[in-house]
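Below is one structure, written out as structure tokens, with a few remarks after it.
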There are 2 protein chains.
Amino acid sequence: MKTRARLADVAAAAGVSTATVSRALSHPEVVGEETRARVMEAVQATGYRINAAARDLRQQRARSILVLAPNLANTFFSRIIAAIQEVAGAAGLTVQISDSRAEAARLATLGHDGRADGIILLDGSLDPEMVRGWPLPMVELCEWNPAYDLPGLAIDNEAAVALAVEHLADLGHRRILHVAGPQDNVLGTSRLTGFWQAVAARGVEGLEVAGDFTMRSGAQAARNWATMPDRPRAVFAASDECAFGFMSECAKMGIAVPGDVSVVGFDDVDFADRYIPALTTIHQPRARLGRRAAESLIAALTEGRPLPRKRELIEAHLVIRGSTSAAPR
Amino acid sequence: MKTRARLADVAAAAGVSTATVSRALSHPEVVGEETRARVMEAVQATGYRINAAARDLRQQRARSILVLAPNLANTFFSRIIAAIQEVAGAAGLTVQISDSRAEAARLATLGHDGRADGIILLDGSLDPEMVRGWPLPMVELCEWNPAYDLPGLAIDNEAAVALAVEHLADLGHRRILHVAGPQDNVLGTSRLTGFWQAVAARGVEGLEVAGDFTMRSGAQAARNWATMPDRPRAVFAASDECAFGFMSECAKMGIAVPGDVSVVGFDDVDFADRYIPALTTIHQPRARLGRRAAESLIAALTEGRPLPRKRELIEAHLVIRGSTSAAPR
DNA sequence: CAGGGCCATGTAATCGATTACAACAGGCGA
DNA sequence: TCGCCTGTTGTAATCGATTACATGGCCCTG
């Protein structure tokens, strides 16, 4: 087998034209039964495989979607991406991934070179000009940025935060510390906003310390918190990772969770359930988010069904585990 | 802006032929300085972006690599994939991902449709016939399968396991339990083999219980272990996740780690350092593995540098943290 | 000044499919 | 029997780039 068989080779083998072979493969119903059989046989015999580049060029589509996330290594994103890939694969589309923090020129190219038919954006911090310049259907997922002016899907972060605050308040906590996310990120800011709204609504005292979603920042927050004169006994971290960092640092300092301090996280990553103690947290249905985003984008691509115009919010729920307990009286 | 500008549009705008435009863009040095400037101006003016499908078709390459992993959601793989993407992106290649457990026909197509120039395989359980049939450069990473007959890169699992066993033995443990990985997986089997070799070499007693790398199986193993009449005080889990499962179940049963039992994991995932207690484990340099695999594949693709013929093993090391302590005397 | 070589550029073939349109055969109704 | 319709197949244009080869101008050398 020297070179790959082309459509023309199959046509020659079957004694028909390339048009017929093409039709036999993509629109079998318009080809005569006997001819079709002969073509299929020739396909087998030659080991023919379609050349995607040629088909894509002619059809002006790439049968591929691009997923942009700020950190591909993060377990939060990987679960979502897996779900996207699953849906896309089932629809016969490939998935390209790229770190959205890559060099800007390279990133811009990805949306312009025709190798993707649509984009799923997991990053709200891209240059809006660049994003709006991409001539493709796009959806935002989890994060969002009004300047993109795109349809999107996310959980209702503020409502979710309220669940966490309510839970702690229900346990009798009157003072709650929020280890915030980065304030250059919509998730960070909306969770912070939600926090202040929720404590105000519930009439409990709120406190705030800076963070950036990472375990390291959670640990740092714990060290700061530990030095507070009258430290709050309830902590709401802006992410699970942050909560893990906080709790692990507590353990180092000999502070018990939830005995000395109750901790709530956000995301419900896979490890939350198996942390010690198991982490009370907001569950983000990551697989579902990924699946739904992929489905609506793919429907837009393949059936021309228009994308929704607005951002859609789905409800997240609280999962109560061992890291929270009643406030000491 | 009705349709995207093509090379011909740029050529018209610059008053040159398409050949000149093409050359000005990809081989600037062969084009006259003044002409080049005029072309660049026309590119700006028309907003021209190359059509990748056309270029790929003509050049018979896709500028893309395909990464196949058995579970894209797994944090172990995602770190590796991120590194691959980073290297590939810097080299101007896109990265396609697919779950290698997808339907076989779809998977086979991925290697044949010409949309990838090379493949990085993170799964040793694929149909060897299919893998050998792919007419592309490939490398195996982390996992391997002799039937693929491919170059590969992985840590020396058996040597790594020996480090774990040595560490436990050095702490005075004479009886060590291995919570094994799945035996239909090379990593599972090679770690098990390594375990038996290491205990024999060190002259300590080994015990074995089945598992499959998951937290769930680790938890199950802990429950079994707890019922053993004379239970070993040292456990080596085939993966960090398994170790987390084991430890979390211990916590539920009121068994202290490392007080009552020392636990060693394998992989050093991001959370290992922040678990409670922090997990002693074998560090797999996942970013480095991903980077090196990507680099050698890309070198083969772009410079024609041949891939190594054999599998390459790199050393892993042990990270000692809080989950292990001296055996009680 | 003729001839050779080099440089810059243009012409046109090419990559491998899809698809608009043409052509042809056979069946059927008028 | 003629003309039309339907169903099947072929011819050739097309997608948008790259690149082998041809061309023409210019400079240099003998």
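Note that this is a predicted model, so its numbers are computed, not measured. As a basis for the values below, the full set of heavy atoms in this structure was taken, side chains included, without hydrogen atoms, waters or symmetry mates. The chains referred to below are lettered A, B, ... by the order of the sequence lines, with proteins before strands, and numbering in each begins at 1.
- If you check distances only, the side chain of A:R58 does reach the base of D:dT14 with a donor-acceptor pair under 3.5 Å.
- Under a cut-off of 6.0 angstrom, the local environment of CD in B:E303 is crowded, with over 12 non-hydrogen atoms contributed by other residues, nucleotides or ligands.
- A 4.5 Å side-chain heavy-atom check between B:Q284 and B:L289 finds at least one atom pair inside the cut-off.
- As a whole-Å value, the separation of A:I50 CD1 from C:dG16 P is 13 Å.
- The CG-C1' distance, from B:L7 to D:dT18, rounds to 9 Å in whole Å.
- Atom CZ in B:R55 sits about 17 Å away from atom C1' in C:dT14, given to the nearest Å.
- The side chain of A:H27 sits closest to C:dT19 out of C:dT19, C:dT18, D:dG16.
- Per the geometry, NE2 belonging to B:H112 stands 17 Å off C1' belonging to C:dG16, to the nearest Å.
- When the side-chain nitrogen and oxygen atoms of B:Y48 are compared with OP1 and OP2 of D:dA17, one or more of them lie within a distance under 4.0 Å.
- Residue B:Q59 places at least one side-chain N or O closer than 4.0 Å to OP1 or OP2 of D:dT19.
- Spacing between atom CG of B:N51 and atom C1' of C:dC15 amounts to 13 Å, rounded to whole angstrom units.
- Between the side chain of A:R286 and the main chain of A:T75, a donor-acceptor pair closer than 3.5 Å is present.
- Between the side chains of B:N185 and B:E143, at least one donor-acceptor pair of N or O atoms lies under 3.5 Å.
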Point to revise | CA sep, side-chain torsions, deciding dist, call: A:H27, A:E29, side-chain contact (heavy atoms from CB on, under 4.5 Å) | key: CA-CA 5 Å; A:H27 308 286; A:E29 69 283 1; 3.8 Å; yes
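- Rounded to whole angstrom, the span from the CG atom of B:D56 across to the C1' atom of C:dA17 amounts to 14 Å.
- Within the 4.0 angstrom heavy-atom criterion, only backbone atoms of the sugar-phosphate kind lie near A:R49; the bases stay farther away.
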Practice item. Any chance you could lay out the salt bridge (Lys or Arg N to Asp or Glu O under 4.0 Å) test for A:D123 and A:R101, step after step, and finish with the verdict? Key: CA-CA 9 Å; A:D123 188 339; A:R101 301 294 158 85; 2.9 Å; yes
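- Atoms CZ (B:R61) and P (D:dT18) sit 11 Å apart, rounded to a whole Å.
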Practice item. Apply the test side-chain contact (heavy atoms from CB on, under 4.5 Å) to residues A:I120 and A:I65: give CA-CA distance (whole Å), side-chain angles for both, the deciding distance (0.1 Å), then the verdict. Key: CA-CA 8 Å; A:I120 295 179; A:I65 66 181; 4.2 Å; yes
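- Residue B:Q60 places none of its side-chain N or O atoms closer than 4.0 Å to OP1 or OP2 of D:dT18.
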Review item, nucleotides 4-12 of chain C N/O atoms under 3.5 Å of protein N/O:
residue : atom : partner : partner atom : Å
C:dT9   : OP1  : B:T35   : OG1          : 2.0
C:dT9   : OP2  : B:G32   : N            : 2.7
C:dT9   : OP2  : B:T35   : OG1          : 3.3
C:dG10  : OP2  : B:S17   : N            : 2.9
C:dG10  : OP2  : B:S17   : OG           : 3.0
C:dG10  : OP2  : B:T20   : OG1          : 2.5
C:dG10  : N7   : B:R23   : NH2          : 2.8
C:dG10  : O6   : B:R23   : NH1          : 3.1

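- When the nucleotides C:dT19, D:dA17, D:dT19 are ranked by their closest atom to the side chain of A:S22, C:dT19 comes out on top.
- Put simply, CZ on B:R6 is 14 Å from P on D:dT18, counting in whole angstrom units.
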